[in-house]
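Here's the structure we're looking at; comments come further down.
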Amino acid sequence: MPRDPVLKPLKRADLPVETVALARFLVGATIVHDLPEGLVAARIVETEAYLPDDPASHTYRGPTARNAPMFGARGHAYVYLNYGMYWLFNISSDIPGIGAGVLIRAAEPVAGEAIMADRRPGRSGRGLLNGPGKLAAAMGIGPAHSGADLCAGGPLRLAHAVRPAGEIGVSTRIGLTKAADLPLRFFERGNPWLSGPKALNR
DNA sequence: TCACTGATCGTCT
DNA sequence: GACGATCAGTGAG
């Protein structure tokens with residue numbers, strides 16, 4: 001992990017508008033969060049796209065109070081509680097009025113690894129960020145961030161890749177009961193911080 | 001490494 | 001009132 005990572009902010013204009021393009025683009029990009037204990041940063045290694053006409057997407061049945069951020073301009077956070085226990089972090093995509101976004105599933109530490117480990121008692125190393133619920137917990141991302149603009153220089157924001165992404169692999173999404181066969185999961189091939197079964201990471 | 005299971009609760013039907 | 005974009009623990013191969 002670089003000792004002095006350069007975390008250059010991503011502007012909205014840097015983000016592809018289309019959801020699949022954004023999901024691919026975000027592999028390699030950096031999530032930065034200023035926490036009371038210090039700054040944490042992680043390099044995204046795995047994403048999933050959720051499309052407007054996608055039965056698996058929360059936006060499939062139209063806008064609600066909860067999913068409103070997904071209908072906003074690209075680059076906003078949509079955070080929601082899953083299975084009554086875990087917060088999942090998404091980034092909205094497409095133009096305002098279209099409900100779509102990208103789930104951030106896994107990342108590797110870039111800065112503040114000790115801080116992230118402290119937020120996941122009893123866990124460390126590769127078990128720290130290899131899953132959407134774990135990632136949000138370790139990075140201190142919660143309901144207060146839903147709707148936040150990640151391109152506005154706030155505490156939670158996006159930054160350029162500290163290291164270019166390697167070859168991008170594609171697979172079906174994980175954990176779905178609807179539209180489970182669509183190839184909308186994107187990941188950096190060979191990266192040790194990925195979630196999911198080995199067979200999906202080729 | 002994989003398959004299976006219980007935990008737990010906000011959101012929408 | 002049912003349903004999850006999950007995780008950790010357990011047990012088998």
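Between Arg120(A) and the phosphate of dA8(C), there is a side-chain N or O to OP1/OP2 separation shorter than 4.0 Å. His58(A) has no side-chain polar atom (N or O) that falls below the 4.0 Å cut-off from OP1 or OP2 of dT11(B). Using a 4.0 Å cut-off, some side-chain N or O of Lys134(A) falls inside it from OP1 or OP2 of dA8(C).
Here the nucleotide nearest the side chain of Thr64(A), chosen from dC12(B), dT1(B), dA7(B), is dC12(B). Taking the side chain of Met85(A) as heavy atoms from C-beta on, and the options dA7(B), dT1(B), dC7(C), the nearest nucleotide is dA7(B).
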I would like to know whether Leu150(A) and His76(A) meet side-chain contact (heavy atoms from CB on, under 4.5 Å); could you show each step before the answer?
CA-CA 5 Å; Leu150(A) 304 173; His76(A) 286 76; 5.9 Å; no
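Between Arg163(A) and Glu108(A), at least one side-chain nitrogen of the basic residue sits less than 4.0 Å from a carboxylate oxygen of the acidic one, meeting the salt-bridge criterion. Using a cut-off of 4.0 Å between Lys/Arg side-chain N and Asp/Glu carboxylate O, Arg157(A) and Asp34(A) are scored as salt-bridged. Salt bridge status for Arg173(A) with Asp181(A): absent, with no side-chain N to carboxylate O gap under 4.0 Å.
As judged by a 4.0 angstrom heavy-atom cut-off over every strand, Arg66(A) is placed among residues touching the sugar-phosphate backbone only. Residue Leu81(A) is classed as a sugar-phosphate contact, given heavy-atom separations below 4.0 Å to backbone atoms only.
Rounded to whole angstrom, the span from the OH atom of Tyr86(A) across to the P atom of dT8(B) amounts to 10 Å. To the nearest angstrom, P of dT6(C) lies 15 Å from CH2 of Trp87(A). One atom, CG of Asn130(A), and another, P of dT6(C), lie 13 Å apart when rounded to the nearest Å. The distance from atom CG of Leu200(A) to atom C1' of dC2(B) is 12 Å, rounded to the nearest whole Å. One interatomic measurement links the two molecules: NZ of Lys198(A) to P of dC2(B), which rounds to 7 Å at whole-angstrom precision. Going from atom CZ of Arg61(A) over to atom P of dA5(C) covers 11 Å, rounded to whole Å. Straight-line distance from the CG atom of Asn90(A) to the C1' atom of dG4(C): 14 Å, rounded to whole Å. Atom-to-atom, CD1 of Ile141(A) to C1' of dA5(C) comes out at 15 Å; the value is rounded to the nearest Å.
A donor-acceptor pair shorter than 3.5 Å can be found between the side chains of Glu46(A) and Ser195(A). Residues Asn201(A) and Arg185(A) have side chains that bring a donor and an acceptor to within less than 3.5 angstrom of each other.
Each of Thr177(A) and Arg123(A) lies near DNA chain C, and the nucleotide nearest Thr177(A) is the one positioned closer to the 5' end.
Of all heavy-atom pairs between Thr172(A) and Ala180(A), the closest is CB-O, 3.5 Å.
Across the P atoms, dA5(C) and dT13(B) are found 14 Å apart, a figure rounded to whole Å.
The aromatic ring centroids of His58(A) and Tyr80(A) lie less than 6.0 Å from each other.
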A correct dot-bracket answer for DNA chain C, with pairs being Watson-Crick or G-U at under 3.5 Å, [ ] for crossing pairs and | for inter-strand pairs, is ||||.|||||||.
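In this pair, Tyr83(A) does not lay its aromatic ring on the base of dA7(B); centres under 5.5 Å and planes under 30 degrees do not both hold.
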